[in-house]
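Structure first, then comments.
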Amino acid sequence: MDADEAINNALAQMFLMAHAQFGDAVKSYWFNDTGICPGCGRQAGTVKHKGKDALSLNAFIYREVGVLIGYFLCQRCMKEVFRTAKRTPGQQGPRHDAIEANLKAAYQQHIHALDS
């Protein structure tokens with residue numbers, strides 16, 4: 001299995017779990033494959049986690065359109081998201097807000113490109 005297939009399989013699994021939990025609020029999924037971290041604009045890719053190389057595959061539900069968006073974070077943003085989660089469990093921090101705004105914009109650009 002190549003990396004793209006593994007990512008798609010993981011995102012499809014995330015979609016099935018989200019659909020089971022949220023029903024028709026999640027109708028489809030899309031992977032933001034730009035390679036750019038939606039949190040800061042740096043290159044996204046492998047990160048170090050507990051001393052090993054990893055990918056920070058994340059997902060967010062763009063509720064207005066019912067799409068689960070998958071994305072990678074860079075090392076810096078992944079660490080910030082983890083720190084925020086420890087400090088304020090269950091609450092989003094400013095980095096989350098930036099990530100969501102950037103992903104919504106990227107999805108809209110993707111949709112407009114399909115219409116062209």
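Positions are given from 1, in the same order as the sequence printed here. Computation of the quantities below employed the complete heavy-atom set of this structure, encompassing side-chain atoms and omitting hydrogens, waters and symmetry-equivalent molecules.
Connection of Tyr71 to Val65 is established within a shared hydrophobic cluster, with ILVMFWY side chains joined at heavy-atom distances below 4.5 Å, either directly or through further cluster members. Grouping the Ile, Leu, Val, Met, Phe, Trp and Tyr side chains by contacts below 4.5 angstrom, directly or via other members, places Leu103 apart from Met14. A chain of hydrophobic side-chain contacts below 4.5 Å, direct or via other Ile, Leu, Val, Met, Phe, Trp or Tyr residues, connects Ile7 to Phe15. Ile111 is connected to Ile69 through a chain of hydrophobic side-chain contacts under 4.5 Å among Ile, Leu, Val, Met, Phe, Trp and Tyr, so both are in one cluster.
The minimum heavy-atom distance linking Val26 with His19 is given by the pair O-CD2, 2.8 Å. Annotation for Leu68 and Ile61: closest pair CD1-CG1, 3.7 Å, computed over non-hydrogen atoms. Here the closest non-hydrogen pair linking Asn102 and Pro38 is ND2-O, 2.5 Å. Taking both residues in full, the closest heavy atoms of His49 and Ala54 are given as CB-CB, 4.3 Å, listed atom of the first, atom of the second, then distance. Nearest heavy-atom pair across Asn32 and Ala106 is OD1-CB, 4.1 Å. Contact between Ile99 and Gly39 at its shortest, heavy atoms only, is CG1-CA, 3.5 Å.
Panel note: side chain Gln43, backbone Gly35; a donor-acceptor pair is recorded below 3.5 Å.
Surrounding NZ of Lys104 are more than 12 heavy atoms belonging to other residues, nucleotides or ligands, all under 6.0 Å away.
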I'd like to know whether Arg42 forms a side chain to side chain contact (heavy atoms under 4.5 Å, CB included) with Ile36, so could you lay out the CA-CA distance, the side-chain angles of the two residues, the decisive distance to 0.1 Å, and finally the verdict. CA-CA 6 Å; Arg42 288 188 164 113; Ile36 302 300; over 6 Å; no
If you apply the rule side chain to side chain contact (heavy atoms under 4.5 Å, CB included), what do you find for Lys27 with Val67, and how did you get there? CA-CA 6 Å; Lys27 299 175 180 107; Val67 176; over 6 Å; no
Could you go through Phe60 and His96, starting from their C-alpha distance and side-chain angles, then the distance that decides it, and tell me whether this counts as side chain to side chain contact (heavy atoms under 4.5 Å, CB included)? CA-CA 10 Å; Phe60 141 75; His96 282 100; over 6 Å; no
Can you check side chain to side chain contact (heavy atoms under 4.5 Å, CB included) on Tyr29 and Leu16, steps first, answer last? CA-CA 10 Å; Tyr29 66 92; Leu16 291 173; over 6 Å; no
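Annotation: side chain of Asp53 is not in contact with side chain of Val47 (no heavy-atom distance under 4.5 Å). Contact annotation: the side chain of His112 approaches that of Gln108 to within less than 4.5 Å [non-hydrogen atoms, C-beta and beyond].
How far NE2 of His110 is from CG of Asp115: 10.0 Å, rounded to the nearest 0.5 Å.
Taking the six-membered ring for Trp, Phe72 and Phe31 have ring centres closer than 6.0 Å.
Using cut-offs of 30° and 60° on the angle between ring planes, the pair Tyr107 and Trp30 is perpendicular.
The side-chain contact (heavy atoms from CB on, under 4.5 Å) test with Arg95 singles out one residue from Glu80, Arg83, Met78, and that residue is Glu80.
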